[in-house]
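Only one structure is covered here, and it is reproduced in the block below.
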Amino acid sequence: MAVTIDNSPDTVAPAESTFRKLTQRSIAWLQAGPMMLVFALFFLLPLVLVVVVSAWDYNEYEMIPAFSFRGYTDTFEGCVANLPELCTILKTYLKTLKLCLLTWGLTLMIGFWVAYFLAFHVRSKTWQIVLSLLCTIPFWTSNVIRMIAWIPLLGRNGLVNQGLQGVGIVNKPIEWLLFSEFSVVLALVHLFTFFMVVPIFNSMIRIDKRLIEAAYDAGASGWQTLVNIVIPLSKPGIVIGSIFVITIVMGDFVTVGVMGGQQIASAGKIIESRLSALQFPAAAANAVILLGITIIIISALTRIVDVRKEL
Amino acid sequence: MTDRSKTTSISRRSLLKGAAGVAGLAGSGTLLSAPYVHAADAKVLRYLGTAVNEGDEISKKCLADTGIKIEYITATTDDVTKRVITQPNSFDVLDTEYFSLKKLVPSGNIFPLDARKIKEFDNITPVFTKGELPNGKKIGGQGTAPWKVLYLDGANSKTFSATPTEWVTLIPTVYNADTLGIRPDLIKRPINSWAELLNPEFKGKASILNIPSIGIMDAALVVEATGQYKYADKGNMTKAEIDLTMKVLTEAKKAGQFRAFWKDFNESVNLMASGETVIQSMWSPAVTKVRSMGIPCVFQPLKEGYRSWASGFCVSKAVGGSPKLDWAYEFVNWYLSGWAGAYLNRQGYYSAVLSTAKANMTEDEWGYWMEGKPAKNDIKAPDGTLMEKAGAVRDGGSYEDRMGNVVCWNAVMDENDYMVRKWNEFIAA
């Protein structure tokens with residue numbers, strides 16, 4: 001049976017072989033076609049449109065298809081004139097990057113150890129599945145509800161403040177628990193740690209347990225095993241998780257808005273307020289800038305680890 | 001059987017109309033008419049607006065009285081405007097605020113209504129048509145006051161008419177006078193000026209709304225109240241005036257005056273009910289909501305006056321020429337005929353036609369909501385829950401006391417683009 005479907009080059013005539021190669025190639029194109037079409041239609045085309053619109057002019061109620069860099073120049077208004085004080089856009093991006101960095105660091109730390117626990121300490125497959133499903137439970141409700149749930153906890157008259165005052169640790173409510181950078185980062189970490197856990201767990205579960213046994217037999221300490229074996233082999237998961245978290249946090253404006261009491265600027269917030277004012281080209285210009293910065297961060301990350309090679 | 005008789009009657013009618021003059025087309029004429037019959041049976045209007053005057057009660061009553069089914073499409077004020085500009089075919093009736101008209105009318109996407117077809121048009125309160133109270137007292141007209149944008153030159157005109165014409169941009173429905181909401185139990189002293197919003201005494205306990213065009217007006221009222229500056233028109237500032245106003249706000253923000261900003265009704269209710277803020281910009285029904293939770297909250301009248309807003313109806317340009325236009329007139333006429341007006345009055349808003357609303361309210365209700373009299377009986381919300389006990393007096397008193405003290409109206413400034421950029425700077429500060 002195996003012989004009849006064998007198509008090694010020496011058993012077929014040269015002409016037939018080229019023909020076969022061609023059909024194989026066209027079949028490959030056909031197979032990739034639908035995805036390419038969807039990708040072009042729903043990703044590339046809108047992206048091109050955003051870039052095009054970002055270079056249009058606008059007024060109160062319409063976009064004017066005339067070439068204008070107003071969206072960009074307005075965005076960077078006062079950046080040179082106000083030096084050394086930072087202009088709005090730079091301040092906003094620094095704040096966004098700061099929130100992003102803090103969230104990334106914390107989700108990575110927490111996510112790594114949760115994944116480590118699931119992968120190496122939970123022995124049975126069933127329990128691994130049960131526990132990772134447990135991690136998804138918070139995702140059964142909407143983002144906004146999970147955020148709002150923090151408010152009665154952290155507020156001026158919230159549970160935490162009541163508790164602290166009741167025990168006598170503080171004598172007046174702590175104000176920075178809510179509507180502050182603290183509450184924003186807390187909510188972001190709460191919302192997005194799971195996006196770290198899954199890819200890292202996925203990488204760890206593939207690590208050949210014999211490697212760890214070998215390290216152990218060779219006299220490596222737990223720390224040495226972690227640094228020399230587990231972390232390097234989890235790198236693709238770490239990078240993928242980081243990409244998830246960074247792209248989401250860079251564009252997030254709902255969490256920053258709700259948990260920051262609408263007082264903290266973020267790159268997404270600028271886009272939103274431009275859209276609300278019907279200034280679509282200006283919003284598009286800001287979206288292009290945000291996209292550019294996110295791409296730079298992601299490409300730096302993938303430069304450190306070649307995800308495709310590691311997979 | 002009924003179906004068949006309907007079809008034949010329609011086919012006869014279309015023959016009479018001459019729509020199917022050629023005998024061979026008679027059959028197809030019937031076919032073409034059939035969907036129209038179904039559409040006419042269920043009169044549906046897609047109603048785009050903010051949630052302010054969208055209520056199940058109103059749509060149910062409207063269906064019972066007129067056979068018109070209202071399908072609500074609810075969005076925030078900003079999103080309503082966005083939708084009118086980008087998707088004018090996605091709605092039939094538009095319920096929006098007068099200040100949005102400066103963006104909507106030039107877009108050509110809305111269709112003005114003909115005042116002659118509005119039965120109660122001449123009874124609409126002079127607040128809208130002349131900028132004065134029924135007793136003749138003039139009202140403050142800073143900002144986008146309704147009477148400045150009420151009329152158009154013609155049905156397809158994109159410019160406002162200064163003098164009355166038959167083409168009305170928005171048939172007025174509901175309006176109110178806004179002021180600050182306070183928590184009297186946490187402030188424990190009388191509040192009577194807009195200046196208190198930025199009083200350091202309330203550091204970390206104040207809030208304003210994060211809708212730039214309205215937030216900056218509240219800030220301007222504070223600036224005037226503290227005597228720092230007097231605006232020619234708070235609703236249409238120059239760039240220098242915007243800079244000044246935002247500077248005052250930014251300094252207050254940096255000093256930690258604000259606890260948070262809010263963008264929708266529920267956020268403002270939560271901030272106030274949880275005691276995170278004790279003084280903030282607020283909307284009347286939000287104050288009512290806090291109070292209905294058993295928490296003291298006052299919609300505080302202030303000596304400098306109120307900032308007002310008003311909304312009304314028009315239709316999408318896509319409706320022009322279709323039977324939906326007739327239903328829209330029927331709906332608007334029903335809306336102004338009294339039942340809906342009384343419903344809105346009982347929520348603390350004001351109806352555009354006072355006489356018809358009055359006929360639908362009890363004397364006691366009218367006295368409490370409109371005349372500033374103490375309630376003789378318990379005041380109930382439209383859903384039947386207890387709102388105020390007998391003896392209560394409305395915050396700010398009568399219609400004349402409240403609307404008579406309006407100093408400015410929600411607005412879109414000529415320098416709106418600049419203002420939005422400055423507002424972003426303020427948020428980033």
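Naming convention: chains lettered A, B, ... in sequence-line order (proteins, then strands); numbering from 1 in each chain.
- At a 4.5 Å heavy-atom cutoff, the contact between B:I85 and chain A is made by side-chain atoms alone.
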Working for side chain to side chain contact (heavy atoms under 4.5 Å, CB included), residues A:I151 and B:N270: CA-CA 9 Å; A:I151 293 175; B:N270 290 338; over 6 Å; no
Steps toward side chain to side chain contact (heavy atoms under 4.5 Å, CB included) verdict (B:V412, A:Y61): CA-CA 12 Å; B:V412 169; A:Y61 50 88; over 6 Å; no
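- A donor-acceptor pair is defined here as one N or O able to donate and one able to accept, closer than 3.5 Å; such a pair exists between the side chain of A:R156 and the backbone of B:G275.
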Candidate pair B:D417 and A:Y58, rule side chain to side chain contact (heavy atoms under 4.5 Å, CB included), full reasoning: CA-CA 10 Å; B:D417 177 37; A:Y58 58 94; 3.8 Å; yes
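- Contacts of A:L275 with chain B are made by both backbone and side-chain atoms, with heavy-atom separations under 4.5 Å.
- Taken to the nearest 0.5 Å, the NZ atom of B:K82 stands 5.0 Å off from the OG atom of A:S276.
- When the shell of 6.0 Å around OH of A:Y72 is examined, it contains more than 12 heavy atoms from other residues, nucleotides or ligands.
- Environment of CH2 in B:W423: crowded, with over 12 heavy atoms of neighbouring residues, nucleotides or ligands closer than 6.0 Å.
- Counting non-hydrogen atoms of other residues, nucleotides and ligands closer than 6.0 Å to CZ of A:F42 gives a total of 12 or fewer.
- Residues of residues 88-102 of chain A lying within less than 4.5 angstrom of chain B, judged on heavy atoms, are A:T88, A:K91, A:T92 in numerical order.
- The 12-atom threshold is not exceeded at CG of B:N156, counting heavy atoms of other residues, nucleotides or ligands nearer than 6.0 Å.
- Looking at every heavy atom in both residues, B:F261 comes nearest to A:Q262 through O-CG, 3.1 Å.
- Between B:K205 and A:E175 there is no salt bridge, since no side-chain nitrogen of the basic residue lies less than 4.0 Å from a carboxylate oxygen of the acidic one.
- At a 4.5 Å heavy-atom cutoff, the contact between B:Y418 and chain A is made by side-chain atoms alone.
- Looking at B:L271, the atoms closer than 4.5 Å to chain A (heavy atoms on both sides) all sit in the side chain, from C-beta outward.
- For A:Q263 (side chain) and B:R259 (main-chain N/O), a donor-acceptor pair under 3.5 Å exists by modelled atom type.
- Annotation for B:A428 and A:A265: closest pair CA-CB, 3.5 Å, computed over non-hydrogen atoms.
- A:L278 pairs with exactly one of B:T81, B:V420, B:D78 by the side chain to side chain contact (heavy atoms under 4.5 Å, CB included) rule, that one being B:T81.
- Heavy atoms closer than 4.5 Å to chain A are found in the backbone of B:S274, but not in its side chain.
- Across every non-hydrogen atom of A:S273 and B:N424, the tightest pair is OG-OD1, 2.8 Å.
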A:N59 and B:K103: CA distance, side-chain angles, deciding distance, side chain to side chain contact (heavy atoms under 4.5 Å, CB included) verdict: CA-CA 9 Å; A:N59 62 21; B:K103 293 183 176 187; over 6 Å; no
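- Using a 4.5 Å cut-off between heavy atoms, A:L178 contacts chain B through both its backbone and its side chain.
- Of the atoms belonging to B:T86, it is side-chain heavy atoms, and not backbone ones, that fall under 4.5 Å from chain A.
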